[in-house]
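Have a look at the structure below before the remarks.
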Amino acid sequence: MRSRTPKSASRRRTGIPAGTAQGTKRRDSWTRIGVALSLLMALAGLAADFFDVVRTPARPAPTPTATPQAERSPSEQFQYQATVQDGRRDLFKGELHVTTDRTEKVAEWFAVRVLICGPANNDELCLYPAELASVGAAPRRPSTSMTVPAGGRVGVILTAPYSDIEIKDDLNPEGSAQPLTDPTDAATWWWNVRASKPGTYELRGAVFVLAAETDRELVTRETFTIRLTVERTAEYTAKKLWTMTLDVTKWSVPQIITILAAFIGAGAFAAWIRRRLR
């Protein structure tokens, strides 16, 4: 006899593959729908961004240079240029003299003087400028003289690119500017300078001219150089030797030999004096 398979079992066997295939197809279709929706949303976002850019132009980001341009109108720029040009028309040539002794002592304060005279000034200081001389030395003509612009508020600054030079600027007016608006005017600037070490130094000076009623510089600054020689003194040498003697870590072989020879010589000299006194 043939064995018959129950219909329910037969249906189950044939139904499992069919259900699996249908489920796979459904999942694939849902996946495709999701990808399509994602693409549509992305395209919609890009389109929205595009139309937003077209309809509302982008605002430029504020920059540091945009503010001054916005604050200064064309009329103000024209007024600024007109003021500078008017100030330049009133300028005239003045004479600058550096009057200071060019040989100084180390660790001692000395004065540096700069004199600017108008072309029509008849003061003796401008007609016969002389350098500041040491006690007992004869005055001499300034070794630094040059033509500089004047005709407004003129200022002179003095600097030194050395750590061994100290400059005090407490004798000049604040801002260093003085009125030199007439050809008969004259002005003087003073500084106290000191060098902590002997040697040759160069001080740097600069002359600037401001408009009579503003702080605008009318022309390019004129520069000059003051060359100084700072000499060693007996006090400086003794102090330096004492400092080196105390600092044993900096001793070298020649220094040790020199100090021992000095002590031996002093002892021998003292013994000779005692023998002479007996």
Side-chain angles (χ1 to χ4, degrees), residues 93-119 121-150 153-180 185-210 217 221-247 250:
K93 292 183 179 180
E95 194 74 15
L96 179 143
H97 306 285
V98 177
T99 57
T100 185
D101 192 3
R102 302 310 174 98
T103 303
E104 302 293 344
K105 304 297 183 183
V106 66
E108 295 182 1
W109 290 101
F110 58 92
V112 174
R113 184 179 67 180
V114 172
L115 172 67
I116 297 181
C117 302
N121 188 284
N122 295 322
D123 294 341
E124 184 177 359
L125 190 62
C126 291
L127 294 177
Y128 308 101
E131 292 189 349
L132 300 175
S134 303
V135 178
R140 56 184 179 179
R141 292 282 298 178
S143 55
T144 300
S145 296
M146 58 185 294
T147 301
V148 296
R153 290 189 297 128
V154 180
V156 182
I157 56 177
L158 188 68
T159 59
Y162 313 97
S163 59
D164 301 329
I165 294 291
E166 183 180 359
I167 300 177
K168 284 187 177 181
D169 188 14
D170 50 3
L171 299 177
N172 298 316
E174 185 178 358
S176 185
Q178 301 186 48
L180 279 171
D185 291 338
T188 306
W189 289 262
W190 292 84
W191 296 269
N192 288 322
V193 183
R194 179 173 63 178
S196 60
K197 293 181 181 179
T200 302
Y201 301 94
E202 288 186 352
L203 307 182
R204 298 175 182 175
V207 181
F208 58 91
V209 183
L210 305 177
E217 294 195 23
R221 296 188 176 190
E222 297 284 347
T223 59
F224 58 92
T225 301
I226 305 174
R227 190 177 181 87
L228 299 173
T229 300
V230 179
E231 296 179 341
R232 185 185 302 269
T233 61
E235 294 81 3
Y236 176 83
T237 303
K239 183 178 179 181
K240 196 71 176 177
L241 180 61
W242 178 250
T243 303
M244 294 176 62
T245 304
L246 294 178
D247 194 353
K250 293 184 178 179

What residues, two or more places apart in sequence or in another chain, satisfy side-chain hydrogen bond (donor to acceptor under 3.5 Å, both in side chains) together with [X]?
X      : answer
Arg227 : Glu202
Asp185 : none
Asp164 : none

Steps toward side-chain contact (heavy atoms from CB on, under 4.5 Å) verdict (Phe224, Val98): CA-CA 9 Å; Phe224 58 92; Val98 177; 3.9 Å; yes
Considering non-hydrogen atoms only, spot the tightest contact between [X] and [Y] and give its length.
X      : Y      : value
Ala195 : Ile165 : CB-CD1, 3.6 Å
Val230 : Lys197 : CG1-O, 3.9 Å
Val106 : Arg232 : CG1-CA, 4.1 Å
Leu125 : Leu115 : O-CD2, 3.4 Å
Cys126 : His97  : O-NE2, 4.4 Å

[X] vs [Y] side-chain heavy atoms within contact, under 4.5 Å:
X      : Y      : result
Leu158 : Ile226 : yes
Asn192 : Arg194 : no
Val156 : Phe208 : no
Val207 : Val154 : yes
Glu95  : Thr147 : yes
Leu96  : Val114 : yes
Glu166 : Ser196 : no

Check against side-chain contact (heavy atoms from CB on, under 4.5 Å), Arg204 and Thr223: CA-CA 7 Å; Arg204 298 175 182 175; Thr223 59; over 6 Å; no
CZ/Arg221: more than 12 non-hydrogen atoms of other groups inside 6.0 Å: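 For Arg221, atom CZ is crowded (more than 12 foreign heavy atoms under 6.0 Å).
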Partners meeting salt bridge (charged side-chain N to carboxylate O under 4.0 Å, His left out) with Glu231 (sequence neighbours left out):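 Partners of Glu231 by the salt bridge (charged side-chain N to carboxylate O under 4.0 Å, His left out) criterion, ordered by chain and then number, come out as Lys105.
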Residues forming a salt bridge (charged side-chain N to carboxylate O under 4.0 Å, His left out) with Glu235, sequence neighbours excluded: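 Once residues adjacent in sequence are excluded, Glu235 has no partner under the salt bridge (charged side-chain N to carboxylate O under 4.0 Å, His left out) criterion.
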Pair Arg113-Thr99, side-chain donor/acceptor within less than 3.5 Å: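 Their side chains do contain a donor-acceptor pair, which is all the 3.5 Å distance test asks for.
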Rounded distance [0.5 Å steps], CH2 in Trp191 versus CG in Asp169: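 Trp191 atom CH2 to Asp169 atom CG measures 7.0 Å (nearest 0.5 Å).
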Separation between CZ of Phe110 and CZ of Arg102, rounded to the nearest 0.5 Å: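 Phe110 atom CZ to Arg102 atom CZ measures 10.5 Å (nearest 0.5 Å).
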Member of Thr225, Val112, Thr159 meeting the side-chain contact (heavy atoms from CB on, under 4.5 Å) criterion with Leu203: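 Exactly one option meets the side-chain contact (heavy atoms from CB on, under 4.5 Å) with Leu203, and it is Val112.
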Quiz item: cation-pi between Lys168 and Trp190, 6.0 Å / 45°: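 No; the conditions do not both hold, so Lys168 does not lie above the ring face of Trp190.
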When you measure from the side chain of [X] to the backbone of [Y], do you find a donor-acceptor pair of N or O atoms at a distance under 3.5 Å?
X      : Y      : value
Trp189 : Ser176 : yes
Gln178 : Thr188 : yes
Thr200 : Thr229 : no

Those residues that, when tested against Asp123, pass side-chain contact (heavy atoms from CB on, under 4.5 Å) (two or more places apart):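 Checked Asp123 against side-chain contact (heavy atoms from CB on, under 4.5 Å); matches are Asn121.
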